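None of these values were measured; they are calculated from a predicted model. Reminder, nothing fancy here: chain letters follow the sequence lines and each chain counts from 1.
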Protein chains: 2
Amino acid sequence: MYNCLMYSNELIKGTLKTIILKLLQDSGRMYGYEITQRVKSLTDDKINLTEGALYPTLHKLQAESLITSEQEIFNGRKRKYYSITETGQANATARAEEFISFTKTMFAIIKPQLTK
Amino acid sequence: MYNCLMYSNELIKGTLKTIILKLLQDSGRMYGYEITQRVKSLTDDKINLTEGALYPTLHKLQAESLITSEQEIFNGRKRKYYSITETGQANATARAEEFISFTKTMFAIIKPQLTK
DNA sequence: TTTGAATACATAATAATACTATGTATAATT
DNA sequence: AATTATACATAGTATTATTATGTATTCAAA
């Protein structure tokens with residue numbers, strides 16, 4: 001869709017990655033289910049991560065060495081805790097800045113009509 | 001990716017549709033090439049719509065009755081002018097508002113870490 | 001004058017990505 | 001006892017954008 005010079009072409013599609021990385025950057029380690037609940041409460045129920053979207057993305061982020069994982073048993077149930085790596089930290093910051101920049105650009109397009 | 005209650009699941013993927021509809025809402029009628037140039041200048045070269053993304057999307061918007069088209073010859077070259085329909089007007093406004101709302105939601109997630 | 005850039009539209013093939021649906025399994029609640 | 005919540009996972013599907021390619025005309029530069 002976009003062939004951007006400043007924005008990676010994953011900016012939009014990759015919003016989920018940005019969300020996950022930013023949460024991990026903020027909270028230290030988290031497990032999958034915890035992430036869905038945090039997103040739900042942070043966004044006031046507006047974003048409800050599905051498992052079919054979350055887990056494959058977590059696996060992808062780990063494959064890219066942006067996060068690491070360690071499995072534990074908590075209260076009889078398996079939990080897989082994810083932590084952000086150093087590379088992931090830099091990536092998270094870059095993604096967030098890109099998103100903010102993109103937002104400004106989009107506003108340049110949609111704002112004029114809003115005030116009509 | 002998102003299973004939103006307030007946001008359509010096309011919010012992100014459909015940013016291009018929002019852009020096109022908003023431009024048509026603002027400018028009356030436009031032809032394809034004109035849209036790419038307008039986007040380019042409005043976004044300071046940051047978003048460069050490719051033809052492979054633009055034209056299929058225009059056809060899709062027309063199939064959804066959000067825009068209409070009329071072909072003309074200008075200076076020996078074919079031009080297909082697109083105009084927004086009444087349904088499209090409402091859709092454009094809704095999409096823009098959705099985008100702004102989504103932006104606020106995203107900021108709730110990424111902002112805390114930015115100030116660190 | 002002819003070559004290349006800009007204008008103008010279109011589509012097929014590919015890649016990326018998220019969603020739906022489904023599966024497994026345990027703990028807690030009703 | 002049944003349902004809900006917790007917890008992870010993946011196959012299949014759909015959507016969507018990108019790349020690549022094709023056609024065709026006008027205009028500017030070499």
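- In this structure, B:Y81 atom OH and C:dA8 atom C1' are separated by 11 Å, rounded to whole Å.
- At distances below 3.5 Å, not a single donor-acceptor pair connects side-chain atoms of B:E72 with backbone N or O atoms of B:R79.
- Checked for salt-bridge contact, B:E34 and B:R38 meet the test: a charged N lies under 4.0 Å from a carboxylate O.
- In this entry the distance linking CD1 of B:I20 with P of D:dT16 reads 12 Å, nearest Å.
- D:dC8 atom C1' lies 16 Å from atom CZ of A:F74, rounded to whole Å.
- Between the CD atom of B:E64 and the C1' atom of D:dT16 there is a distance of 13 Å, rounded to whole Å.
- Under 4.0 angstrom from either OP1 or OP2 of D:dC27 there lies at least one side-chain N or O belonging to B:N75.
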All N/O pairs under 3.5 Å across the protein-nucleotides 10-13 of chain C interface:
residue : atom : partner : partner atom : Å
C:dA10  : OP1  : B:K80   : NZ           : 2.7
C:dA10  : OP2  : B:H59   : NE2          : 3.0
C:dT11  : OP2  : B:H59   : ND1          : 3.3

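- At C:dA8, one or more side-chain N or O atoms of B:R79 fall inside 4.0 Å of OP1 or OP2 (strictly under the cut-off).
- Put simply, NZ on A:K60 is 15 Å from P on C:dA15, counting in whole angstrom units.
- Residue B:E86 places its CD atom among 12 or fewer non-hydrogen atoms of other residues, nucleotides or ligands, all under 6.0 Å distant.
- A:T18 places no side-chain N or O within donor-acceptor distance of the main-chain N or O of A:R95, the cut-off being under 3.5 Å.
- Counting to the nearest Å, the C1' atom of C:dT26 and the CD1 atom of A:I73 are 11 Å from each other.
- B:M30 places its CE atom 12 Å from the P atom of C:dA8, with the value rounded to the nearest Å.
- Between the OH atom of A:Y31 and the P atom of C:dA27 there is a distance of 14 Å, given to the nearest Å.
- In this view, B:R77 satisfies the salt bridge (Lys or Arg N to Asp or Glu O under 4.0 Å) rule with no residue, not counting sequence neighbours.
- Residues forming a side chain to side chain donor-acceptor pair (under 3.5 Å) with A:S65 (at least two apart in sequence, or on another chain): none.
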